[in-house]
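Structure first, commentary second.
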There are 2 protein chains.
Amino acid sequence: MAEIMPDSAIRPRKEFGKTIAADITHRLREEIIACGLTPGEPLRFDVLRERFGVSFTTLREALTALAAEGLVDAQEQRGFRVAPVSRQDLVEVTDARVLIEVELIRRAIERGDDDWEIAVISTLHRLKRIEQRDPQHPLRDPEWKIAHRQFHQALVSACGSATLLAIRAELFDRAERYRHLSANFRPRPRDKAGEHQAIMQAAISRNPDLAVQLIETHIRSTADNVATYAGHLLDAE
Amino acid sequence: MAEIMPDSAIRPRKEFGKTIAADITHRLREEIIACGLTPGEPLRFDVLRERFGVSFTTLREALTALAAEGLVDAQEQRGFRVAPVSRQDLVEVTDARVLIEVELIRRAIERGDDDWEIAVISTLHRLKRIEQRDPQHPLRDPEWKIAHRQFHQALVSACGSATLLAIRAELFDRAERYRHLSANFRPRPRDKAGEHQAIMQAAISRNPDLAVQLIETHIRSTADNVATYAGHLLDAE
DNA sequence: CAAGTCCATATTTTCGAAAATCATATCGTT
DNA sequence: AACGATATGATTTTCGAAAATATGGACTTG
């Protein structure tokens with residue numbers, strides 16, 4: 001009973017954005033990234049309308065925006081569906097991330113000022129504190145996810161290019177969905193805390209070559225993990 | 001009289017996409033790229049509605065999609081406007097294009113097969129034929145624009161990453177808008193035909209280092225040209 | 001039995017009215 | 001006159017009904 005009750009009854013209309021459409025976009029994005037909606041699953045208006053308590057039009061706007069981000073697949077005249085996953089797509093996202101993130105970390109190390117250093121250090125600090133709380137399943141902890149995202153965001157924030165940062169953010173979201181996909185099957189997270197610490201130190205000590213190498217390894221090994229433990233989900237489509 | 005008449009009276013409803021929204025998105029995109037709409041100009045629903053003969057909702061969907069592409073600026077609760085231009089943005093777009101296009105041309109040269117070679121050669125051939133027709137103002141010729149776009153697209157098409165190709169396409173559009181911006185003030189186009197020919201030959205003869213160098217020069221010199229001849233428009237904002 | 005056609009239903013897409021929000025002008029107060 | 005509050009008009013945003021399109025099943029035909 002309570003599950004079927006529309007959100008509008010228990011939730012304020014606008015949480016994240018100033019418009020309902022922006023709000024729904026945000027909530028749908030989070031849900032797709034967290035694999036609360038299965039990759040490839042059709043996104044029917046009736047269902048979503050009931051769920052979020054908004055109109056056709058507003059939903060359409062949100063879905064259109066997410067389609068542009070690559071999290072939703074728009075099939076003209078045949079509706080929308082959650083973007084499918086595949087080995088090929090995982091490889092593409094991983095390669096694109098490495099290409100861009102490597103460049104951005106170089107620029108950030110070159111240009112970063114005191115504020116940047118402080119942001120990197122403090123976001124890592126918060127991430128570590130949250131990790132102590134529940135070292136088992138970090139991806140299930142919304143706060144860990146936010147802190148993790150903010151640490152990686154802080155690392156490259158001083159790169160000087162809003163354009164590349166926006167592209168990076170989209171790719172990060174798409175990669176995070178794959179991490180969630182494999183989270184249930186992964187035996188135990190590897191030593192991420194140590195990796196983050198090493199990346200932070202390479203960045204703060206202005207060692208671009210080391211930072212780049214650590215970041216690339218970080219991204220690729222995460223993707224390898226996904227391919228290993230969620231392989232059956234990637235081939236099924 | 002005839003100018004004020006809505007498009008719906010003289011134009012089929014759907015030209016490019018299967019849905020009206022996709023169609024409007026396409027037409028608005030072309031118009032923004034061609035600077036038929038001034039950078040920074042507010043995009044009022046009443047005006048666009050009259051012009052394109054569609055409803056609020058459909059327009060909103062198109063504008064949302066273009067906002068995700070970076071051609072439109074969405075100001076929540078205060079409508080949309082054509083994305084502003086600036087020196088900073090031009091530099092960012094140029095740098096991002098170089099970063100990505102250089103990588104893609106390398107991959108394409110490595111992986112391209114016979115079909116790729118044929119596509120590169122034939123798109124260049126068509127571009128040259130069109131250039132002979134009207135060597136004065138290529139950017140004003142819609143066919144030249146399409147051929148030019150298709151040649152550059154063909155060059156990287158064999159890179160193997162749909163993800164990076166999509167990002168590249170967005171950046172290409174944003175850069176093309178800057179070319180249009182300066183087109184009216186540029187005294188005379190430099191030897192683009194020769195540059196394209198050289199790039200084609202470097203690609204077909206599988207010389208990645210040369211191709212990369214030529215592409216980077218091609219992109220940067222075009223951007224420099226824009227900065228020179230449209231400088232007054234970039235500072236004004 | 002395969003393949004095509006037509007119809008009924010499910011679903012998406014589009015529309016214009018209505019609600020919400022913002023921008024501007026007006027007025028009153030200090 | 002300067003400032004803040006408030007009302008008014010302009011504009012965006014949201015909604016649910018209506019139109020358009022796709023889907024699946026029953027029926028015919030070769």
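Per chain, numbering begins at 1; letters A, B, ... match sequence-line order.
For R29(A), the salt bridge (Lys or Arg N to Asp or Glu O under 4.0 Å) test picks out E69(A), with sequence neighbours left out.
Taking a cutoff of 4.0 Å between a charged side-chain nitrogen and a carboxylate oxygen, R220(A) and D95(A) qualify as a salt bridge. D173(A) and R168(A) are not joined by a salt bridge, as no carboxylate oxygen comes within less than 4.0 angstrom of a charged side-chain nitrogen. Salt bridge absent: E30(A) and R27(A) never bring a charged side-chain N and a carboxylate O closer than 4.0 Å. Taking the charged nitrogens against the carboxylate oxygens, R51(A) and E31(A) do have a contact shorter than 4.0 Å, which makes a salt bridge. One finds no salt bridge joining E170(A) and R174(A) here, because no Lys/Arg side-chain nitrogen approaches an Asp/Glu carboxylate oxygen to under 4.0 Å.
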Are there any protein N/O atoms within less than 3.5 Å of an N/O atom in nucleotides 16-18 of chain C, and if so, which ones and at what distance?
unit_1	atom_1	unit_2	atom_2	d
dG16(C)	O6	T57(B)	OG1	2.8

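Comparing dC15(C), dC22(C), dT13(C) by their closest approach to the side chain of F45(A) singles out dT13(C). Residue R44(A) places its side chain closer to dT12(C) than to any other of dT13(D), dT12(C), dT23(D).
Separating the CD atom of E41(A) from the P atom of dT11(C) is a distance of 14 Å, rounded to the nearest angstrom. Between I20(A) atom CD1 and dA20(C) atom P there is a gap of 10 Å when expressed in whole angstrom units. For the pair I24(B) CD1 and dT14(C) P, the computed distance is 9 Å after rounding to whole Å. Rounded to a whole Å, the NZ atom of K18(A) is 10 Å from the C1' atom of dC22(C). The distance between atom CG of L63(B) and atom C1' of dT11(D), rounded to the nearest whole Å, is 14 Å. In this entry the distance linking CZ of F80(B) with P of dC22(C) reads 15 Å, nearest Å. The interatomic distance linking Q75(B) (CD) with dT11(D) (C1') rounds to 13 Å, in whole Å. For the pair Q77(B) CD and dT11(D) C1', the computed distance is 11 Å after rounding to whole Å.
Remark: R78(B) is in phosphate contact with dA23(C), judged by side-chain N or O atoms under 4.0 Å from OP1 or OP2.
Looking at heavy-atom distances under 4.0 Å, L43(A) makes contact with sugar-phosphate atoms alone, never a base.
R126(A) CZ: 12 or fewer foreign heavy atoms inside a 6.0 Å radius.
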